[in-house]
**Student:** 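Got a structure for you, written out below as structure tokens; questions coming shortly.
Any value given below was found using the heavy atoms of this structure, including those in side chains, with hydrogens, waters and symmetry copies removed.
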Amino acid sequence: MATRPVRLSRRSAGRVRLALYGVGLAPAAVSFVQGATDHLGADPVNTFERTLGLWALRFLILSLCVTPLRDLAGVDLLRYRRALGLLAFWYALFHLSAYVALDQGFDARALLADVTGRPFIILGMAAFVILAVLAATSNARAIRRLGRRWKALHRWVYVAAICAAIHFILSFKVIRAETLLYALVVAGLLAVRLRRAARRRAA
Amino acid sequence: MRDLRFPSPPPSAITPPRLWLSRRALMATGAVAGLAGGILPPRAAGAAALAARPGPLSGTGLRPTPLRDVTHYNNFYEFGLEKTDPAERSGDFHPRPWTVRIEGMVARPRTYDIDALLARPLEERIYRMRCVEAWSMVIPWIGFPLRDLLAEAEPLGSAKYVAFESVLRPSEMPGQGGVLPVLDWPYVEGLRLDEATHPLTILAVGLYGQTLPNQNGAPIRLVVPWKYGFKGIKSITRIRLTDRMPRTSWNVRAPDEYGFYANVNPAVDHPRWSQATERPIGAGGFFGAGRQPTLPFNGYGEQVAGLYAGMDLRRDF
């Protein structure tokens with residue numbers, strides 16, 4: 001399929017990216033102000049944690065949409081993929097910080113027990129660690145230095161997405177339709193890639 | 001003694017200072033007309049004032065969670081999965097007419113009309129409520145000891161357990177329909193007979209000086225303050241005495257996560273989260289109270305620990 005000419009000038013692409021960060025970080029900012037001023041409901045810390053985690057997963061999914069969108073629909077948003085991935089990382093970091101600081105109050109023993117003993121937490125931590133490594137190697141210098149290995153390293157984003165989706169399902173007492181829907185979208189985005197890889201191998 | 005006391009208004013009839021002060025401010029600006037409805041203390045739709053004497057078994061030094069949070073942060077999956085669903089989606093529920101049937105291994109099976117139950121002498125019991133999800137509230141319930149009702153039915157010597165059943169009304173309870181079946185409806189719960197006849201175990205018909213709002217389990221619910229909140233079955237229709245341990249909804253759903261006993265126990269974690277601490281609800285924003293330690297038997301150990309002497313509470317969680 002032909003690539004649609006949605007090319008912007010370098011400068012306007014930069015502006016779009018800036019706007020993307022601004023809009024993308026707005027839910028965190030709004031939610032934080034609401035929580036700090038007691039306008040986030042009866043259980044503000046929990047609501048804040050969930051909001052941040054959900055947006056991390058959403059941006060992770062959006063970043064995974066970029067390639068299929070180009071291949072299947074001919075819409076090239078490649079130059080915004082890094083911003084989407086970084087937003088996912090920032091939200092994961094906020095989410096983790098809210099859990100460590102606001103929720104657990106830096107209780108080292110409770111945190112250690114959680115991180116070492118509970119699959120639910122371990123999955124979330126695994127997703128975060130992967131996103132942190134990918135964020136740290138997302139700059140131009142790292143891309144140059146890692147060369148071919150960069151691509152292999154950044155394929156770990158698929159593992160992060162799977163961990164995050166399961167973590168989300170486990171975050172409720174019962175299995176919710178909403179969480180299954182997110183998992184289904186992640187599965188779909190991975191299936192597209194597996195199919196493409198299989199075709200390449202066949203060709 | 002009781003009869004010599006001054007009649008005291010129920011808590012719901014006392015206007016909080018914040019409100020009468022704001023009323024004065026409104027009068028000063030001459031804007032009072034037409035606003036009276038908006039500044040009355042919040043009362044859930046259909047709830048009516050309910051008088052009760054202070055119960056001797058209320059916890060001391062407990063500060064009740066604000067009414068707004070008690071009535072707008074609820075787990076009542078019959079109305080939906082979100083904490084805000086019960087308040088928003090229980091408007092079509094009809095808690096009248098209503099009867100509660102006591103049957104099974106009793107000498108005198110009986111059916112009570114809810115209005116007859118409301119006419120009994122009622123007590124206020126200010127209890128801690130600890131949810132299995134690691135949050136907690138303090139709720140001023142109004143009700144009467146379950147043991148009084150059971151005594152009237154005269155349990156047989158063979159009765160060992162009490163099984164409770166809630167209502168099945170998919171037309172009024174949107175959470176009972178839906179794509180993913182959350183729990184087997186109707187909700188069922190159970191207690192050992194000695195737990196059911198413990199003086200702390202009550203049937204609540206009201207809270208905060210009013211009848212139970214729909215979202216809190218109208219018209220009648222169980223309150224067992226030393227157990228996780230899910231044991232407090234709402235909108236009860238049937239109480240059955242039996243010699244076999246009854247099925248309980250959450251235990252059927254996930255036996256490794258929710259036991260029959262479900263005693264509040266900081267030493268036994270939920271597989272996905274710690275039960276050592278809890279988040280008090282309504283403590284303000286992020287920088288409110290923070291987590292507080294969870295107490296064995298939710299702070300009622302002195303009264304109830306004896307019920308479980310010799311039991312391994314790690315196994316029988």
**Student:** Looking at side-chain heavy atoms only, is the closest gap between B/Asp269 and A/Arg118 below 4.5 Å?
**Tutor:**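 Of all side-chain heavy-atom pairs linking A/Arg118 with B/Asp269, at least one is under 4.5 Å.
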
**Student:** What is the distance from atom CG of A/Leu170 to atom CZ of B/Arg272, rounded to the nearest 0.5 Å?
**Tutor:** 6.0 Å

**Student:** Would you find more than 12 non-hydrogen atoms of other residues, nucleotides or ligands less than 6.0 Å from A/Trp90 atom CH2?
**Tutor:** no

**Student:** Report the option among B/Val182, B/Leu183, B/Leu81 that has the most heavy-atom pairs separated by less than 4.5 Å from atoms of chain A.
**Tutor:** B/Leu81

**Student:** What heavy-atom pair brings A/Asp114 and B/Ser274 nearest, and what distance separates the two atoms?
**Tutor:**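 Heavy atoms only, the tightest pair is OD1-N, 4.4 Å.
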
**Student:** Taking side chain as everything from C-beta outward and backbone as N, CA, C, O, which of these in A/Ala110 sits under 4.5 Å from a heavy atom of chain B? Side chain, backbone, both or neither.
**Tutor:** neither

**Student:** Among B/Ala276, B/Gly290, B/Gly282, B/Pro271, which has the most heavy-atom pairs under 4.5 Å with chain A?
**Tutor:**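 That would be B/Pro271.
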
**Student:** With only heavy atoms counted, which part of B/His72 is less than 4.5 Å from chain A, the side chain, the backbone, both or neither?
**Tutor:** neither

**Student:** If every non-hydrogen atom of B/Ile281 is compared with every non-hydrogen atom of A/Ala42, which pair is closest and at what distance?
**Tutor:**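 It is CG2-CB, 3.5 Å.
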
**Student:** For A/Trp156, is the CH2 atom crowded, meaning more than 12 foreign heavy atoms sit under 6.0 Å from it?
**Tutor:**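 Atom CH2 in A/Trp156 is not packed in, count stays at 12 or less.
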
**Student:** At their closest point, which heavy atom of B/Arg253 faces which heavy atom of A/Ile175, and how far apart are they?
**Tutor:** NH2-N, 3.9 Å

**Student:** Measure the CD-CD distance between B/Glu82 and A/Glu178 for me, rounded to the nearest 0.5 Å.
**Tutor:** 7.0 Å

**Student:** Taking all non-hydrogen atoms of both residues into account, name the closest pair between B/Trp273 and A/Lys173 and its distance.
**Tutor:**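 Closest heavy-atom pair between B/Trp273 and A/Lys173: CH2-CG, 4.1 Å.
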
**Student:** Among A/Asp43, A/Leu102, A/Val45, A/Val174, single out the residue with the greatest number of heavy-atom pairs under 4.5 Å to chain B.
**Tutor:** A/Asp43

**Student:** What part of A/Ala113 is in contact with chain B, defined as an atom under 4.5 angstrom from a non-hydrogen atom: side chain, backbone, both or neither?
**Tutor:** neither

**Student:** Please state whether the rings of B/Phe286 and A/Phe32 are parallel, tilted or perpendicular, taking 30° and 60° as the class boundaries.
**Tutor:** tilted

**Student:** Under the salt bridge (Lys or Arg N to Asp or Glu O under 4.0 Å) criterion, do B/Arg291 and A/Asp107 qualify, and how do the steps go?
**Tutor:** CA-CA 10 Å; B/Arg291 279 181 179 262; A/Asp107 182 341; over 6 Å; no

**Student:** Which heavy-atom pair separates A/Pro44 from B/Gly284 by the least distance, and what is that distance?
**Tutor:**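 Nearest pair, atom of A/Pro44 first, then B/Gly284: CG-O, 3.4 Å.
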
